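So the structure is just underneath, and the comments pick up after that.
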Amino acid sequence: MTDFAPLLVADRGQPARPIHLVDKQSFNDWLKQRPPEDRALLEAQRFDGKTGFAFALLPRGGDFEVVSAVKDARELSPWCLAKLAESLPEGAYKLAQGEPGKAALGWLLGQHRFDEYRSNIDEPERGPRLLVTADAAMIDAVVRLAGATALVRDLVNTPAANLGPAELEKAVRDLASETGAKIGVTSGTALADGYPLIAAVGAAAPEERAPRLIELEWGKPDDPRVAVVGKGVCFDSGGLDLKSASGMRLMKKDMGGAAHAIALARLVIGRRLRVRLHLLIPAVENAVSGSAYRPGDIIKSRKGLFVEIDNTDAEGRLILADALARAAESEPGLIVDFATLTGAARVALGPDLPAFFANDDALAAEASQSAGEVGDPLWRMPLWEAYDEMLKSDIADVANAANGPMAGCITAALFLKRFVPDGVSWAHVDTYAWRDASRPGRPKGGDALGLRAIFELLKNRYLPD
Ligand code: BES
Ligand code: ZN
Ligand code: ZN
């Protein structure tokens, strides 16, 4: 994985090419201060300071300076330097004015590639682009954020054949051995006894891709308990209710929630937040075989609720239900789950906006505030109790899918809510974990959506003094 640490360095007076950031407002005044040859050059290149992410190189004494147009030069977005980091030649750079702040993240991620599966990389290998900053105190935190984001992207991009439940387990094991956290894995008959829904969803997968619940614990016993849960469906074929070809095409990403949860745990531990962290990853493959669970099956969940399987493609909520029940047993002060749970969330909000649910208005307000602070949006959706009846089963306590096509992400969230005790503060993030079109610093493919927002929320609550 990309080593981000060398790419963001403290200012010790080392030589660095200046980057001038201009916007619609400041461009003309800035241009007036420049030598006439710069003006001629910029005019010839039709650089007008208005077009987002446009940049130009200005010759300066055998080397060059950079000018780049951003939306607001006084309030930098995380991505406004990403295009530069992707495009500029090797070397050290420094903002001509001010410090990069949030934009350092895009500088780092603009240099991350997932090229594990490329034998002939067409671009020649380019050396690192370093960003020099006088704000040395923020370097570690930004490097960790970039690392966590890249981890989500890499895990999601890895094909299902190379990333099954065992590899998700390895990702958690790696985190445990890096940090001294404790890991526990439940599988086989213990899984069938203790977590019947996880075992049922994973039943069709071959032995080497057997279902499991992966748990990690970290922190001091007296600190407030926070549980983080992530949907780890390493491939979602739909099961016997098989998906169509187009519906299945991206389903290697159905462990995106798990990737977010693991990355969040890594951030929490890296920042040493004052929490007792409980990470739970139910990891399965929703496959097809003679041992697959079936529509019409009724399974007694860990919590004791009988669930009738209406649709084997609504598998995420099943594995999360048992994991949420387990999380609640330790009486946490907060549970957060991440899941690529429904297509309906995407129909409602599109690819960029994770659907956010909370049973606690104060928590929802904090989440929306944090999301705004870090430019990682979340959109609150209602846990509209009246729709609960859409999950009615004729013969069991609840069905795993609604009987109609409406409000799909809400009924999915309402299903989960049944497994979270009243009084436990809970947030649910229904995220796409994917980007269909490349943007600067955010290539097409797996992506973290909602991760930084929730980490900011946790930081605001639990940062050590
Ligand atoms: N993994 C899918 C949800 C999904 C699909 C997320 C496409 C992002 C993009 C989930 O397991 C699923 O199949 N959900 C069904 C539920 C339905 C059967 C009630 C859905 O959303 O169609
Ligand atoms: Zn599914
Ligand atoms: Zn799924």
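What you see is a predicted model, and the numbers here were worked out from it, not measured in a lab.
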Review point. Stepwise, does the salt bridge (Lys or Arg N to Asp or Glu O under 4.0 Å) test hold for K182 with E217?
Key: CA-CA 5 Å; K182 219 177 80 198; E217 296 248 15; 5.9 Å; no
Practice item. Test side chain to side chain contact (heavy atoms under 4.5 Å, CB included) on I281 and V172 and set out the steps. Key: CA-CA 9 Å; I281 307 291; V172 181; 4.3 Å; yes
Side-chain ([X]) to main-chain ([Y]) donor-acceptor, under 3.5 angstrom:
| X | Y | answer |
| --- | --- | --- |
| R302 | G194 | yes |
| R317 | E315 | no |
| D447 | R435 | no |
| R442 | P440 | yes |
| S68 | L21 | no |
| K303 | D322 | no |
| R129 | A85 | yes |
| S330 | P332 | no |
| D430 | P354 | no |
| N162 | T158 | no |

Using every non-hydrogen atom in the two residues, find where [X] and [Y] come nearest and quote the distance to one decimal.
| X | Y | value |
| --- | --- | --- |
| L213 | P282 | CD1-N, 3.7 Å |
| P165 | A210 | CB-O, 3.5 Å |
| P196 | I299 | CB-CG2, 3.8 Å |
| A263 | L451 | CB-CD2, 3.9 Å |
| A327 | L280 | CB-CD1, 3.7 Å |
| P15 | A92 | O-CB, 3.7 Å |

Should [X] and [Y] count as an ion pair when the cut-off is N to O under 4.0 Å?
| X | Y | result |
| --- | --- | --- |
| R380 | D361 | yes |
| K459 | E456 | yes |
| E90 | R126 | no |

Exercise for review: Identify whether NZ of Lys or CZ of Arg in R274 sits under 6.0 Å from the centre of the six-membered ring of Y462 and within 45° of that ring's axis.
Suggested key: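 Geometry flag: not set, cation outside 6.0 Å or 45°.
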I'd like to check [X] versus [Y] (side-chain heavy atoms, cut-off strictly below 4.5 Å). Are they in contact?
| X | Y | result |
| --- | --- | --- |
| L108 | V142 | yes |
| L105 | R452 | yes |
| K231 | I319 | yes |
| L130 | P128 | yes |
| V429 | D337 | no |
| P159 | Y117 | yes |
| K83 | S87 | yes |
| L250 | D436 | yes |

Looking at [atom1] of [X] and [atom2] of [Y], how far apart are the two atoms once the value is rounded to the nearest 0.5 Å?
| X | Y | atom1 | atom2 | result |
| --- | --- | --- | --- | --- |
| S187 | I198 | OG | CD1 | 11.5 Å |
| W379 | M381 | CH2 | CE | 10.0 Å |
| T179 | L216 | OG1 | CG | 6.0 Å |
| L305 | D397 | CG | CG | 5.0 Å |
| D360 | I335 | CG | CD1 | 12.0 Å |
| D11 | L131 | CG | CG | 10.0 Å |

Can you tell me if [X] has over 12 outside heavy atoms packed within less than 6.0 Å of its [atom1]?
| X | atom1 | answer |
| --- | --- | --- |
| E331 | CD | no |
| E329 | CD | yes |
| D422 | CG | no |
| K24 | NZ | no |

Say whether [X] and [Y], considering side chains only, have a donor N or O and an acceptor N or O under 3.5 Å apart.
| X | Y | result |
| --- | --- | --- |
| Y93 | R17 | yes |
| D23 | S26 | yes |
| N400 | D310 | no |
| D154 | H112 | yes |
| S237 | N286 | no |

Check your understanding: Taking it one step at a time, do R439 and K444 satisfy side chain to side chain contact (heavy atoms under 4.5 Å, CB included)?
Key -> CA-CA 8 Å; R439 312 225 42 217; K444 179 177 174 183; over 6 Å; no
Check your understanding: Can you tell which of K252, H260, K253 makes a side chain to side chain contact (heavy atoms under 4.5 Å, CB included) with V156?
Key -> K253
N/O donor to acceptor pairs below 3.5 angstrom from side-chain atoms of residues 405-418, sequence neighbours left out:
from	atom 1	to	atom 2	distance (Å)
T411	OG1	A407	O	3.3
T411	OG1	G408	O	3.2
K417	NZ	E385	OE2	2.8
R418	NH2	D388	OD2	3.2

Study note, to complete from the structure: residues 96-109 vs side-chain hydrogen bond (donor to acceptor under 3.5 Å, both in side chains), sequence neighbours excluded, gives E99-T133
Practice item. Output, in order, the C-alpha distance, side-chain angles, deciding distance and verdict of side chain to side chain contact (heavy atoms under 4.5 Å, CB included) for E86 and R113. Key: CA-CA 10 Å; E86 283 171 14; R113 292 273 167 286; 4.0 Å; yes
Review point. Between D222 and K220, is a salt bridge (Lys or Arg N to Asp or Glu O under 4.0 Å) present by the stated rule, with each step listed?
Key: CA-CA 6 Å; D222 293 339; K220 297 200 188 75; over 6 Å; no
Review point. Does the gap between the ring centers of F47 and F55 come in under 6.0 Å?
Key: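 When the ring centroids of F47 and F55 are compared, they turn out to be at least 6.0 Å apart.
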**Study point:** Residues L7, Q111; criterion side chain to side chain contact (heavy atoms under 4.5 Å, CB included); working and verdict
**Key:** CA-CA 9 Å; L7 306 180; Q111 301 185 55; 3.8 Å; yes
